[in-house]
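Data first, discussion second: the structure below is written as structure tokens.
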Amino acid sequence: IPDGGTVVDIGAALGDHTTSYARMVGAAGTVHAVEPYGPFLECLRHNTQHKSNIVVHPVALGIGETFGRMERSTVQPNNLGMTHLVTTALGDVVVTTLDRLAARFERLDFVKIDVEGMEPAVLDGAKGVIEQFHPTLLIEVNVKALRMKGYSPADIYQRLRAFGYQCSPTRAGATPA
């Protein structure tokens, strides 16, 4: 992450990564923190309020323009980190694409995606900016969350390879599907 760079933190949650990225890009850089879940969004705004280089976006990202709602995990209801998006026309969460969010960006250096199984949909909605800027990507590959949404790790790796990326797992012993 370069000094003066542009970062998008998708699934910013409380802002732990966001504030670290803000230090890395420095005063001349910008971090766009994307978080749709109300309780996390409130904490994110609190934790980043004194950082002038962080822009908070209270939306979810996906494959297109729609709405959704956030639901807690039925498997681990006390784990708020597993709260996930369910798309529905009656939802109170705005869903957009990274392409639309980043339409006016002059650069995009790094993107973190941690969205509880919606990672392939986020990549599908980011085709334009990924092809334009070819940013470094850090993507959570949570097999259980992906399955819950009808995806598998292979769905992420296929998309990345189509964009010309090589996949490098960060956990020892992990291998791309």
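Predicted model only: the values in this text are computed from it and were never measured. Hydrogens, waters and symmetry mates are skipped; everything else that's a heavy atom, side chains included, is used.
In summary, the aromatic rings of F163 and H134 are positioned with their centroids too far apart to meet the 6.0 Å limit.
Here the CG atom belonging to D9 is positioned 5.5 Å from the OH atom belonging to Y21, to the nearest 0.5 angstrom. In this structure, CG on L61 lies 12.0 Å from CZ on R100, to the nearest 0.5 angstrom. K144 NZ to R147 CZ: the interatomic distance, rounded to the nearest 0.5 Å, is 8.5 Å. Interatomic distance, L14 CG to T19 OG1, rounded to the nearest 0.5 Å: 10.0 Å. The CD atom of E106 sits 10.5 Å away from atom CD of Q132, with the distance rounded to the nearest 0.5 Å. Taking NZ of K51 as the reference point, atom OG1 of T18 lies at 11.0 Å (rounded to 0.5 Å).
Side-chain atoms of V56 and E35, non-hydrogen and from C-beta on, never get closer than 4.5 Å to each other. Counting heavy atoms from C-beta outward, F133 and T6 have side chains that stay 4.5 Å or more apart. A heavy-atom distance below 4.5 Å is not found between the side chains of V25 and T30. Here the side chains of E116 and K149 are not in contact, with every heavy-atom distance at 4.5 Å or above. For the pair L123 and I113, the minimum side-chain heavy-atom distance is below 4.5 Å. In this structure, I139 and L160 have side chains that are in contact, with non-hydrogen atoms separated by less than 4.5 Å. Side-chain contact check for D155 versus S152: some heavy-atom pair is nearer than 4.5 Å.
Both V141 and I10 belong to a common hydrophobic cluster when Ile, Leu, Val, Met, Phe, Trp and Tyr are linked at side-chain heavy-atom distances under 4.5 angstrom. By the criterion of side-chain heavy atoms lying less than 4.5 angstrom apart, applied directly or through intervening Ile, Leu, Val, Met, Phe, Trp or Tyr residues, I130 is not grouped with I63; the two fall into different hydrophobic clusters. The hydrophobic cluster containing Y157 also contains L146, counting ILVMFWY residues as joined when their side-chain heavy atoms lie under 4.5 angstrom apart, directly or transitively. Criterion: ILVMFWY side-chain heavy atoms under 4.5 Å apart, direct or through other members. Under it, V31 and L101 are not part of a common hydrophobic cluster. Residue V55 is not grouped with residue V111 when hydrophobic side chains (ILVMFWY) are merged at heavy-atom distances under 4.5 angstrom, including chains of intermediate members.
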* To do: Output, in order, the C-alpha distance, side-chain angles, deciding distance and verdict of side-chain contact (heavy atoms from CB on, under 4.5 Å) for V8 and L98.
  => CA-CA 9 Å; V8 178; L98 182 56; 4.0 Å; yes
* Start with the C-alpha distance between D124 and R159, add both sets of side-chain angles, then the distance that settles salt bridge (charged side-chain N to carboxylate O under 4.0 Å, His left out), and finish with yes or no. => CA-CA 8 Å; D124 288 344; R159 284 162 174 80; 2.7 Å; yes
* To do: Go through the steps for Y165 and L137 under the test side-chain contact (heavy atoms from CB on, under 4.5 Å), then give the verdict.
  => CA-CA 9 Å; Y165 284 85; L137 301 172; 3.7 Å; yes
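The heavy-atom pair separating L44 from A12 by the smallest distance is CD2-CB, 4.0 Å. Considering every non-hydrogen atom in both G5 and D109, the closest pair reads CA-OD2, 3.0 Å. Taking every heavy atom of both residues into account, V95 and G62 meet most closely at CG1-N, 3.9 Å. Of all the heavy atoms in F110 and P135, the pair that sits closest is N-CB, 3.9 Å. Pairing each heavy atom of I156 with each of P120, the nearest pair is CG1-CG, 3.8 Å. Between T97 and G125 the shortest heavy-atom distance is CB-O, 3.2 Å.
Counting only distance, with no hydrogens or angles, the side chain of K112 and the backbone of V7 share no donor-acceptor pair below 3.5 Å. Counting only distance, with no hydrogens or angles, the side chain of N47 and the backbone of D16 share no donor-acceptor pair below 3.5 Å. Using modelled atom types, one side-chain atom of D99 and one backbone atom of G128 make a donor-acceptor pair closer than 3.5 Å.
More than 12 heavy-atom neighbours from other residues, nucleotides or ligands sit within 6.0 angstrom of CD on E131.
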